Amino acid sequence: MIYTNELLPGYEWNAMVACLVERMSKEKHLLPQKPEDLIAQLENDRSVVAIENGQIVGHATLWPIAHNWYETGSTFVCPSNREKKINITMYHILLAHHQEKNILATTTNAVSLHIGKKLGFITVKRNSLPEEALVGTCICSRKKTGSDNALTSCRLAWSGDNWNPIEDEWELPCHVRVVPETFKRHPDMVRIQNYIPEKIAV
Ligand SMILES: CC(C)(COP(=O)(O)OP(=O)(O)OC[C@H]1O[C@@H](n2cnc3c(N)ncnc32)[C@H](O)[C@@H]1OP(=O)(O)O)[C@@H](O)C(=O)NCCC(=O)NCCS
């Protein structure tokens, strides 16, 4: 397995990324992406991919969402390569390389919550994030969040003027986490007790 954060010579990157995008499009937890955008992320040193036999079998990237704020995204490992620590390895590389950046992660995926916990991600109250970072995070569809209720779905908690108080953010389908370095740089950020379901529901 080769892990890289650059467009190494000798590979058919356009074809490999097109194939990756096609595979990713079948995943319910992932937002659709264009091959040219994933290539641009690699060119801008924001991604790590895992390559095996000339195919991208793992991908993780940091999408810019606000000034010096990034969101992890398009995290994918091919089904036949899962549970071999490929994702966790990609994240170790990616996060070690970008310690100066503020990085958050949003997810509705219990496996990602589990992996985030292993990586030391800290769940934070969304209204303790800088507003510019929060409004830049990925916009989940109602279908994805599973809720039509403004107070229980991810983005609709935003009223347009204020963030509405939410009793227990763990009831939201989407959890917002930041990496430890980001948490240390933001003393006002409010931690939520990390709770990971005993049983990982995929
Ligand atoms: C989420 C995903 C990237 C994980 O990739 P992966 O390479 O299989 O993950 P890793 O092997 O690095 O897993 C690390 C940990 O998660 C656990 N894990 C991974 N997949 C799991 C599963 N399906 N069920 C239970 N645990 C799982 C591993 O057991 C390991 O835990 P451990 O260290 O406590 O033993 C992969 O399942 C995937 O591509 N899913 C579809 C796309 C997606 O949902 N992306 C995330 C969007 S937020």
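Note that ligands are numbered from 1 as they come in the structure, with each ligand's atoms numbered from 1 the same way. Quantities reported herein were computed from a predicted structural model and do not represent experimental measurements.
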Review point. Between Ser47 and His59, which heavy-atom pair has the shortest distance, and what is it?
Key: OG-NE2, 4.1 Å

**Study point:** Closest to atom 15 (C) of ligand 1 (judged by heavy-atom distance), picking from Val57, Asn81, Val77, Ile115
**Key:** Ile115

Check your understanding: For ligand 1, which atoms sit closer than 4.0 Å to a heavy atom of Phe76?
Key -> 39 (O)

Practice item. Consider every N or O of Asn87 and every N or O of ligand 1, then say whether any pair is closer than 3.5 Å. Key: yes

Point to revise | Under 4.0 Å to a heavy atom of Ile88 - the qualifying atoms of ligand 1, by number | key: 12 (O)

Review point. Considering only heavy atoms of Thr75, which atoms of ligand 1 have at least one such atom less than 4.0 Å away?
Key: 3 (C), 42 (C), 43 (C), 45 (N), 46 (C)

Review point. Under 4.0 Å from ligand 1, counting heavy atoms only, is it the side chain of Met24, its backbone, both or neither?
Key: neither

Point to revise | Atom indices of ligand 1 within 4.0 angstrom of Thr107 heavy atoms, with elements | key: 48 (S)

Review point. Any nitrogen or oxygen of Leu30, main chain or side chain, under 3.5 Å from a nitrogen or oxygen of ligand 1?
Key: no

Exercise for review: Give the numbers and elements of all ligand 1 atoms closer than 4.0 Å to a heavy atom of Lys118.
Suggested key: 32 (P), 33 (O), 34 (O)

Study note, to complete from the structure: Of all heavy-atom pairs linking Met189 and Pro130, the shortest is CE-CD, 4.4 Å

Exercise for review: Hey, could you give me the OG1/NZ distance between Thr123 and Lys117, rounded to the nearest 0.5 Å?
Suggested key: 9.5 Å

Review point. Under 3.5 Å, is there a donor-acceptor pair between the Thr75 and Tyr91 side chains?
Key: yes

Exercise for review: Can you figure out which of Lys26, Glu83, Lys85 has its heavy atom closest to atom 33 (O) of ligand 1?
Suggested key: Lys85

Practice item. Compute the ring centroids of Trp69 and His98, then answer whether they are less than 6.0 Å apart. Key: no

Check your understanding: Taking atom types as modelled, is there a side-chain donor on Thr72 or Trp63 under 3.5 Å from an acceptor on the other?
Key -> no

Point to revise | Distance (rounded to the nearest 0.5 Å) between Glu27 CD and Ser74 OG | key: 12.0 Å

**Study point:** Asn102 backbone acceptor or donor facing Glu181 side chain under 3.5 Å
**Key:** no

**Study point:** Sub-3.5 Å N/O-N/O distance, Ser112 and ligand 1
**Key:** no

Revision key, fill the gap. Nearest heavy atom to atom 22 (C) of ligand 1, choosing from Leu113, Val111, Leu119, belongs to Val111

Point to revise | Which of the ligand 1 atoms, numbered from 1, are nearer than 4.0 Å to a heavy atom of Lys84 | key: 11 (O)

**Study point:** Glu6 with Arg46: basic N within carboxylate O range, under 4.0 Å
**Key:** no

Practice item. Would you mind listing which atoms of ligand 1 come within a distance below 4.0 Å of any non-hydrogen atom of His114? Key: 15 (C), 16 (O), 17 (C), 31 (O), 32 (P), 34 (O)

